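So that the names make sense, note that chain A is the first sequence line, chain B the second, and so on, each numbered from 1. Note that the coordinates shown come from a computational prediction; the quantities given were computed from them, not determined experimentally.
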Amino acid sequence: MDRDSGTPRSVAEAMAVQEELRSRVDLVGPGPAEPATVAGLDVAYAESGDLLAAAVTVLDARTLAVVDEAVGVGRPAFGYVPGLFAFRELPALLAALDRLSTRPDLLVCDGHGLAHPRRFGLACHLGVVTGLPAIGVGKTPLIGEWTPPGELRGAWSELRDGDEVVGRVVRTRDGVKPVFVSVGHRMSLDNATAQVLALTPRHRLPETTRAADRRSRDALARASSARDDLGEDRGQGGVGGRR
DNA sequence: GCGACAG
DNA sequence: ATCTTGTCGC
């Protein structure tokens, strides 16, 4: 693999990396009951598909106000392959995390954790690499069987892969489509569910994710125009910084 | 072999 | 992910 970014050079290699790293996932830690800060991570892509912007926003868990943020711009590091999705965004997300001036108590990722074919989705990967508690919140399922949870906010049902419970289908708002919550690292499924509900007082998706989504689109727009101004570079990316 | 398939 | 118009509802 590429020594600098740690990005695999083939699908087979990427799968091997996941098989190797998954043993490092902490499935015991219940995680913080009352995190002081929670980080949201998201990535925006340019239509051209050769540019992406990752954003990390740190929110005060109690007020949900943004207290820190950082972005990382670059090119997708890997093709889009369901199950290997993390390798695409990981370099940019880690760059953004590095530029943070705060150390968040919890990572809320846009994608799955254990609800993954090899039990090592993006949330697990980010948790293992950073050592931070992490959970995954997906908008659509990747694997597993489930039945719709009750219609009211707070209702949930199990997301299972055969006999294994790999996550929960959680209704974050009355009557809206549910989200798929799974453990990433150092968190219990109960706590992950509680944290997601605490982050969704008014919308379907966590405030952390919404904040990161805005920042990433924002950074992408700025990066696109900056690139145009320079007359279509063919750089490998690496732009970005704190705000 | 035929679909399904996080973002 | 991104491309897209209007529309129903708080």
Side-chain angles (χ1 to χ4, degrees), chain A residues 7-8 11 14-15 17-18 21-22 25 40-57 71-94 96 107-128 134-146 151-153 159-162 166-170 172-185 192 196 200-206 208-221 223-224 237:
Chain A
T7 298
V11 166
M15 292 177 73
V17 170
Q18 293 183 325
L21 290 181
R22 72 171 179 181
V25 174
L41 304 86
D42 194 23
V43 175
Y45 293 82
E47 47 204 293
S48 39
D50 61 349
L51 186 67
L52 98 199
V56 181
T57 55
V71 301
V73 178
R75 310 189 61 161
F78 202 83
Y80 173 62
V81 182
L84 299 179
F85 167 64
F87 295 104
R88 210 170 155 66
E89 312 187 332
L90 213 53
L93 285 170
L94 292 178
L107 260 32
V108 176
C109 311
D110 190 36
H112 300 104
L114 294 178
H116 174 279
R118 285 169 296 285
R119 305 291 181 272
F120 197 71
L122 176 65
C124 299
H125 209 138
L126 279 166
V128 164
I135 65 179
V137 180
K139 295 181 285 294
T140 62
L142 171 60
I143 61 158
E145 306 90 47
W146 52 284
E151 289 298 313
L152 300 185
R153 163 179 159 80
L159 175 61
R160 48 174 54 220
D161 190 13
V166 297
R168 282 180 187 169
V169 185
V170 181
T172 54
R173 299 300 298 165
D174 293 359
V176 303
K177 197 206 299 186
V179 296
F180 300 77
V181 178
S182 59
V183 167
H185 185 58
V196 168
T200 50
R202 47 188 305 189
H203 295 287
R204 175 192 177 221
L205 297 179
T208 38
T209 301
R210 290 168 54 80
D213 179 78
R214 280 195 196 72
R215 303 311 189 285
S216 64
R217 293 186 191 231
D218 211 70
L220 179 65
S224 298

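A donor and an acceptor atom, one from each side chain of His203(A) and Arg210(A), are located under 3.5 Å apart. Using modelled atom types and a 3.5 Å distance limit, the side chains of Thr57(A) and Arg214(A) yield no donor-acceptor pair.
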Counting primed atoms, P, OP1 and OP2 as sugar-phosphate and everything else as base, the B/S/- map of nucleotides 1-7 of chain B against protein heavy atoms under 4.0 Å is ----BBB

Counting primed atoms, P, OP1 and OP2 as sugar-phosphate and everything else as base, the B/S/- map of nucleotides 4-10 of chain C against protein heavy atoms under 4.0 Å is -------

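When atom types are taken as modelled, the side chain of Arg88(A) and the backbone of Pro76(A) share no donor-acceptor pair closer than 3.5 angstrom. Listed for the Arg22(A) side chain is a donor-acceptor partner under 3.5 Å among the backbone atoms of Arg118(A). Proximity of a side-chain donor or acceptor of His112(A) to a complementary backbone N or O of Cys124(A) within less than 3.5 Å is not detected.
The pair Arg119(A)-Asp161(A) counts as a salt bridge, with a side-chain nitrogen and a carboxylate oxygen less than 4.0 angstrom apart.
Applying side-chain contact (heavy atoms from CB on, under 4.5 Å) to Leu122(A) and the options Leu41(A), Asp110(A), Leu90(A) leaves one that passes, Leu90(A).
Counting non-hydrogen atoms under 4.0 angstrom, Arg217(A) reaches the backbone sugars and phosphates but no base.
Using a 4.5 Å heavy-atom threshold, the side chains of Leu220(A) and Leu51(A) count as touching.
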